[in-house]
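One structure below.
All figures in this text were calculated on a predicted structure; none of them were measured in a lab. Only heavy atoms go into these numbers, but all of them, side chains included; no hydrogens, no water, no symmetry mates.
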Amino acid sequence: MEYDKKETVDRYVTFMNIDCYKHATEVIDAIIEVTEDEKYNNRFWEVFKEKIPQSYHEKQSDEKVLYHVCASIFYIEELFEESNHTIGLALMKNCEYQCC
């Protein structure tokens, strides 16, 4: 049986046709947006942002960006829930479900 690579999505095994880097960068973009509001920014998020891999800033696909997001998934979820950032929450859940 031959699979059409464009239509087959394979989570947890090959990650075929899943752009985990894109998902992770979208989550980081949303974190940065939310934490611009001092109400949701604290020392944890300052350190989180300092540790964002350079490849994110250079827009180069790198698994370190995904690892950075997946390692803090529960904190990220809490941030988006507290800030009522429904788009960020959806992005995070999608990234977690498909890539973490």
Side-chain angles (χ1 to χ4, degrees):
M1 178 183 255
E2 192 171 310
Y3 293 98
D4 181 359
K5 290 182 181 181
K6 290 184 179 180
E7 298 200 15
T8 302
V9 173
D10 187 10
R11 294 187 348 256
Y12 307 123
V13 179
T14 65
F15 298 94
M16 185 170 52
N17 296 321
I18 301 173
D19 190 347
C20 290
Y21 171 77
K22 177 180 176 271
H23 293 319
T25 58
E26 290 173 341
V27 171
I28 291 175
D29 290 344
I31 290 167
I32 291 169
E33 178 184 329
V34 170
T35 58
E36 285 177 351
D37 183 340
E38 288 183 26
K39 179 177 177 183
Y40 302 110
N41 198 21
N42 58 39
R43 181 69 181 138
F44 176 86
W45 293 113
E46 288 302 316
V47 171
F48 180 92
K49 291 183 281 187
E50 289 170 10
K51 292 185 177 186
I52 293 172
Q54 188 60 34
S55 54
Y56 165 82
H57 302 288
E58 296 170 352
K59 305 297 183 202
Q60 295 178 0
S61 183
D62 181 3
E63 69 275 357
K64 292 176 187 173
V65 175
L66 176 63
Y67 297 154
H68 192 56
V69 169
C70 292
S72 299
I73 206 77
F74 297 108
Y75 299 107
I76 296 168
E77 181 176 25
E78 181 180 55
L79 173 70
F80 291 147
E81 285 177 349
E82 286 181 2
S83 64
N84 264 347
H85 197 282
T86 55
I87 294 171
L89 192 58
L91 291 169
M92 184 275 313
K93 287 183 183 274
N94 184 49
C95 183
E96 178 185 24
Y97 179 72
Q98 291 193 15
C99 303
C100 292

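Applying the side-chain hydrogen bond (donor to acceptor under 3.5 Å, both in side chains) test to K51 and every residue at least two apart in sequence or in another chain returns nothing. Considering only residues two or more places apart in sequence or on other chains, H68 meets the side-chain hydrogen bond (donor to acceptor under 3.5 Å, both in side chains) condition with none of them. Under the rule for a side-chain hydrogen bond (donor to acceptor under 3.5 Å, both in side chains), E78 has no partner lying at least two apart in sequence or in another chain. For K49, the salt bridge (Lys or Arg N to Asp or Glu O under 4.0 Å) partners are E46, not counting sequence neighbours. With sequence neighbours excluded, no residue satisfies side chain to side chain contact (heavy atoms under 4.5 Å, CB included) with E38. In terms of the side chain to side chain contact (heavy atoms under 4.5 Å, CB included) criterion, residue partners of Q60 (sequence neighbours excluded) are, by chain and number, S55, E58. Legend: residues meeting salt bridge (Lys or Arg N to Asp or Glu O under 4.0 Å) with E77, ordered by chain and number and at least two apart, are K93. Not a single ring pair (Phe, Tyr, Trp, His ring centres under 6.0 Å) links Y67 to another residue, sequence neighbours left out.
The side-chain heavy atoms of T35 and S83, taken from C-beta on, include no pair separated by under 4.5 Å.
Among residues at least two apart or in separate chains, disulfide (SG to SG under 2.5 Å) pairs with a member in residues 34-80 are C70-C100. Sequence neighbours left out, not one pair with a member in residues 33-63 passes disulfide (SG to SG under 2.5 Å).
The sulfur atoms (SG) of C99 and C20 lie less than 2.5 Å from each other.
Taking NZ of K59 as the start and NE2 of H57 as the end, the distance is 8.5 Å to the nearest 0.5 Å.
In this structure, V34 shares a hydrophobic cluster with Y21, V27, I28, I31, I32, Y40, F44, W45, F48, I52, Y56, V65, V69, I73, F74, Y75, I76, L79, F80, I87, L89, L91, M92, the cluster being traced through Ile, Leu, Val, Met, Phe, Trp and Tyr side chains under 4.5 angstrom apart.
When all heavy atoms are compared, the tightest approach of G88 to A30 is CA-CB, 4.0 Å.
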